[in-house]
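Notes to accompany the following structure.
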Amino acid sequence: MDTQGNERIETRTSKPLPYRWGYFQGVLVIPFSLLMLLGTVSDLLKTHRQPWYLTSIALLMGLVGLPLAIGLLQKKKYVLSLVYLMFALALLQVAIQLPIAMIHFADQSDKGSAFFEAWMLLLWLLSMVYYRKRREWLT
């Protein structure tokens with residue numbers, strides 16, 4: 001019984017793991033990053049702008065997302081550090097946007113919601129856990 005368990009472990013580590021989620025996420029992060037950049041630039045052209053710190057976080061997320069997507073598609077090792085950076089930016093964005101949403105809770109505008117930021121935080125948290133485990137499995 002013990003040898004069967006060892007054989008399963010050996011066959012599990014000898015086969016390369018499928019990379020479906022990384023490829024899927026890499027393909028989706030490219031248009032997401034471009035939309036973040038275009039949306040932030042178009043917001044800068046408006047008269048009623050967001051605060052500079054929210055604009056800079058959105059620009060950073062768009063700029064970090066492009067090399068992240070390319071790294072995900074090419075299975076580069078630097079991807080994990082960029083995923084950590086995206087998680088940190090999402091956490092910072094939630095920390096800023098949540099008090100704003102609580103103040104403007106009754107408003108029907110975008111200021112009354114931190115829903116998008118919460119989803120981004122959850123996505124990057126799950127991605128961070130996934131890519132960290134994947135790195136541990138491969139080494």
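Below, each value reflects all heavy atoms present in this structure, side chains not excepted, and no hydrogens, waters or symmetry copies.
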> How close do Val94 and Pro99 get, heavy atom to heavy atom, and via which atoms?
Replying inline: O-CD, 4.3 Å
> Do Phe116 and Trp119 make the cut of ring centroids closer than 6.0 angstrom?
Replying inline: no
>> Within the 3.5 Å criterion, strictly below it, is a donor on Gln25 or Tyr130 matched to an acceptor on the partner's side chain?
In response: no
>> What's the separation between atom CE in Met120 and atom CZ in Phe32, rounded to the nearest 0.5 Å?
In response: 3.5 Å
>> Let me confirm one number: the CG-CG distance from Leu38 to Asp43, rounded to the nearest 0.5 Å.
In response: 12.5 Å
> If Ile, Leu, Val, Met, Phe, Trp and Tyr residues are connected whenever their side-chain heavy atoms lie under 4.5 Å apart, and connections chain through other members, are Val83 and Trp21 in the same group?
Replying inline: yes
> Can Arg132 and Tyr84 be said to form a side chain to side chain contact (heavy atoms under 4.5 Å, CB included), step by step?
Replying inline: CA-CA 10 Å; Arg132 185 178 172 130; Tyr84 285 148; 3.2 Å; yes
> Leu44 and Trp52: same hydrophobic cluster, using ILVMFWY side-chain contacts below 4.5 Å?
Replying inline: no
> What do the steps show when you test Tyr131 against Leu72 for side chain to side chain contact (heavy atoms under 4.5 Å, CB included), and what is the final call?
Replying inline: CA-CA 10 Å; Tyr131 291 117; Leu72 284 171; 3.3 Å; yes
>> Is there a side-chain contact between Glu117 and Leu98 in this structure, where contact means two heavy atoms from C-beta onward sitting under 4.5 Å apart?
In response: no
> When rounded to the nearest 0.5 angstrom, what distance separates OG1 in Thr55 from CG in Leu60?
Replying inline: 11.0 Å
>> Quick check: is Ile96 connected to Leu123 through a chain of hydrophobic side chains (ILVMFWY, heavy atoms under 4.5 Å apart)?
In response: yes
> When rounded to the nearest 0.5 angstrom, what distance separates CE in Met128 from CG in Leu85?
Replying inline: 12.0 Å
> Considering all heavy atoms of both residues, which atom of Pro67 and which atom of Tyr78 are nearest to each other, and what is their separation?
Replying inline: O-OH, 3.5 Å
>> Let me check something: do Met86 and Leu35 share a hydrophobic cluster, defined by ILVMFWY side-chain heavy atoms less than 4.5 Å apart, either directly or through other members?
In response: no
>> Any heavy-atom pair between the side chains of Leu66 and Leu37 that's under 4.5 Å?
In response: yes
>> Please tell me whether Leu63 and Ile70 are part of a single hydrophobic cluster in this structure, the criterion being side-chain heavy atoms less than 4.5 Å apart.
In response: no
> Shortest non-hydrogen contact from Met61 to Ser33?
Replying inline: O-OG, 4.2 Å
>> For the CD1 atom of Ile57 and the CE atom of Met36, what is their distance to the nearest 0.5 Å?
In response: 9.5 Å
>> Using 0.5 Å steps for rounding, measure from the CG atom of Leu92 to the CZ atom of Phe87.
In response: 11.5 Å
